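Quick caveat: nothing in here was measured; it's all calculated off a predicted structure.
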Amino acid sequence: MIPYGKHHISQGDVDAVVEVLQHQFITQGEQVPAFEEALSTYTGARYATAVHSGTAGLHIACLALGVSIGDIVWTVPNSFVASANCALYCGATIDFVDIDADTKNINPVDLANKLIQAKANGSLPKALIVVHFAGEPCDMKTIFELCQSYGVAVIEDACHALGGDYDGQKIGTCQYSDITVLSFHPVKSITTAEGGAVLTNSPELASRCQLFGKHGVTRDDTLMSQPSQGPWDYQQLVLGYNYRMSDLHAALGISQLKRLDLFIQKRREKAQFYHQHLASLPITLPRQSEQSAWHLYCITLKEHDRKSVFEQLRAHQIGVNVHYKPIHLQPFYQQLGFKEGDYPAAEAFYEKALTIPLFPDLTADEQTRVIDVLHEVLG
Ligand SMILES: *Cc1c(COP(=O)(O)O)cnc(C)c1O
């Protein structure tokens with residue numbers, strides 16, 4: 001089966017992890033701060049906090065912004081459940097803004113209208129979490145300006161987008177957001193097996209991210225609320241979590257990050273190849289984007305039944321997938337009161353969406369096979 005996504009591990013990656021294993025520290029050593037610095041250098045964000053998953057990153061991003069009981073957070077239905085769960089972890093309530101049918105990202109017009117309404121009935125959110133779906137950047141300039149005028153914080157869920165560009169800068173630079181969150185799960189741009197990071201330009205937010213990800217405990221006496229009792233003293237200031245990344249994972253991340261641009265270049269070339277060879281089929285191709293990190297290549301069927309096409313492709317050993325069943329249609333979210341029909345654009349996309357294999361090591365032969373089978377099934 002050709003998978004829809006796959007990581008690439010080099011001998012250099014293996015050596016980097018083994019080297020850490022042979023050293024004194026396998027966690028809380030030098031690798032995590034070095035990885036944080038490398039992420040900050042790559043993205044252009046001033047501060048990076050490495051954590052053990054993208055989900056943990058979203059949680060501490062919300063905590064750092066002060067999201068808590070009584071607050072409202074907005075995100076999009078067309079994402080992985082973690083984009084919404086993070087707000088609920090903090091005791092906040094969640095609401096959604098529908099997507100744009102072309103970009104599959106948050107619809108800025110819907111956002112503008114929802115902000116006007118929310119202001120009128122006193123239900124403005126504390127934060128908005130936008131998702132760069134499939135690696136395609138959201139219209140951040142418009143979104144950030146809108147949100148700033150209403151005092152709403154902006155978190156970029158960039159779990160699909162590391163290595164992509166927006167407005168001449170790298171995704172993660174946080175020029176148009178308060179915080180950006182990354183994931184290093186194996187299907188993402190680079191991997192640490194499990195892992196994630198939180199990026200920001202604000203020293204206060206960065207310090208809160210570090211605090212919430214490390215039990216709420218500090219050893220920095222300038223941050224302590226009681227006078228330090230001595231060099232051994234640490235003080236818990238808030239209720240935090242153990243979301244630390246280990247040095248083994250960070251060493252893998254440092255090694256992977258060196259090949260990120262190469263990975264993205266390969267993804268972009270393969271996406272281009274799909275555009276050329278699938279154009280004649282009765283499908284809608286994803287937007288041809290030069291900025292995208294091409295995490296996923298999602299096509300939309302025009303006339304064919306998705307389930308039948310999915311099954312035929314799987315029978316041909318093509319590991320297609322579907323991104324995403326809208327979050328508000330999950331049983332847990334239905335219990336919270338969301339209904340089918342609430343977000344028509346996300347629902348319509350889901351009905352016809354199909355993710356076909358795209359990853360840096362997808363060979364020319366494999367990609368040709370995917371294209372041939374698609375022509376056979378849809379032609
Ligand atoms: C992968 C992903 C996450 C969660 O990241 P993990 O590292 O798996 O916890 C969150 N949001 C989106 C959009 C993702 O794709």
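Partners of R287 under the side chain to side chain donor-acceptor pair (under 3.5 Å) rule, at least two apart in sequence or in another chain, are D102, E136.
To the nearest 0.5 Å, the span separating CD on E376 from CD1 on I371 amounts to 14.0 Å.
Within 6.0 Å of CD on Q148 lie more than 12 heavy atoms contributed by other residues, nucleotides or ligands. Annotation: Q169, atom CD; neighbour count of heavy atoms from other residues, nucleotides and ligands within 6.0 Å is above 12. Counting heavy atoms of neighbouring residues, nucleotides and ligands inside a 6.0 Å radius, atom CG of L124 exceeds 12 of them. Environment of OH in Y234: sparse, with no more than 12 heavy atoms of neighbouring residues, nucleotides or ligands closer than 6.0 Å. Counting non-hydrogen atoms of neighbouring residues, nucleotides and ligands closer than 6.0 angstrom, the CD atom of Q24 reaches no more than 12 such neighbours. Counting non-hydrogen atoms of neighbouring residues, nucleotides and ligands closer than 6.0 angstrom, the CD1 atom of I69 reaches no more than 12 such neighbours.
Without hydrogens or angle criteria, R267 side chain to H295 main chain gives a donor-acceptor distance under 3.5 Å. With D261 contributing its side chain and G163 its backbone, the two residues share no donor-acceptor pair below 3.5 Å. The closest donor-acceptor contact from the side chain of S207 to the backbone of P203 lies at 3.5 Å or more, if one exists at all. D71 places no side-chain N or O within 3.5 Å of a backbone atom of A92 that could act as its donor or acceptor partner. With hydrogens and angles ignored, the 3.5 Å screen pairs a side-chain donor or acceptor of H23 with a backbone N or O of E19. A donor-acceptor pair under 3.5 Å is formed between the side chain of Q235 and the backbone N or O of S225. Although no hydrogens or angles enter the test, the distance criterion places a donor-acceptor pair under 3.5 Å between the side chain of R268 and the main chain of S292.
Criterion: ILVMFWY side-chain heavy atoms under 4.5 Å apart, direct or through other members. Under it, I171 and L260 are not part of a common hydrophobic cluster. In the hydrophobic clustering of ILVMFWY residues, with side-chain heavy atoms under 4.5 Å counting as a link, L329 and L354 come out apart. In this structure, F273 is not a member of the same hydrophobic cluster as I264, with clusters built from ILVMFWY side-chain heavy atoms closer than 4.5 Å. No single ILVMFWY cluster, assembled from side-chain heavy atoms under 4.5 Å apart, contains both F359 and F184.
Between F133 and F349, a ring centre-to-centre spacing shorter than 6.0 Å is recorded. Aromatic rings of Y297 and H275 (six-membered ring for Trp) have centroids within the 6.0 Å cut-off, being under it.
With a 6.0 Å cutoff to the six-membered ring centre and a 45° limit on the axis angle, K270 does not count as a cation-pi contact of W294. Geometrically, R306 engages Y350 in a cation-pi contact, judged by NZ or CZ lying under 6.0 Å from the ring centre and within 45° of the ring axis.
Pairs passing the salt bridge (charged side-chain N to carboxylate O under 4.0 Å, His left out) check and including a residue from residues 319-347, sequence neighbours excluded, read K339-D342.
Screening H7, H8, K258, R259 against D13 for a side-chain hydrogen bond (donor to acceptor under 3.5 Å, both in side chains) leaves a single residue, R259. When V320, L358, L296 are each tested for a side chain to side chain contact (heavy atoms under 4.5 Å, CB included) with Y4, only one passes: L296.
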Please walk me through it: do W74 and I94 pass side chain to side chain contact (heavy atoms under 4.5 Å, CB included)?
CA-CA 6 Å; W74 292 355; I94 191 84; over 6 Å; no
What's the verdict on side chain to side chain contact (heavy atoms under 4.5 Å, CB included) for T180 and I155, showing C-alpha distance, side-chain angles and the deciding distance?
CA-CA 6 Å; T180 300; I155 299 172; over 6 Å; no
If you apply the rule side-chain hydrogen bond (donor to acceptor under 3.5 Å, both in side chains), what do you find for S83 with D157, and how did you get there?
CA-CA 7 Å; S83 308; D157 177 341; 2.8 Å; yes
Step by step, work out the side-chain hydrogen bond (donor to acceptor under 3.5 Å, both in side chains) result for D365 and T368.
CA-CA 5 Å; D365 280 357; T368 303; 5.5 Å; no
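Here the shortest heavy-atom pairing between P108 and L146 reads O-CD1, 3.9 Å. V67 approaches A127 most closely through the heavy-atom pair CG2-CB, 4.4 Å.
Under the 30°/60° scheme for interplanar angles, the aromatic rings of F338 and H328 are found to stand perpendicular. Using cut-offs of 30° and 60° for the angle between ring planes, the F144 and Y176 rings count as perpendicular. Classification of the Y243-H52 ring pair by plane angle, with boundaries at 30° and 60°, yields perpendicular.
In this structure, a donor-acceptor pair under 3.5 Å is absent between the side chains of D220 and T218. In this structure, a donor-acceptor pair under 3.5 Å is absent between the side chains of Y343 and N107. In summary, the side chains of Q265 and E269 do present a donor paired with an acceptor at a separation below 3.5 Å, with no hydrogens or angles considered.
Between K114 and D95 a salt bridge is recorded (basic side-chain N to carboxylate O distance below 4.0 Å). For K170 and D165, the salt-bridge test passes: some basic side-chain N is under 4.0 Å from an acidic carboxylate O.
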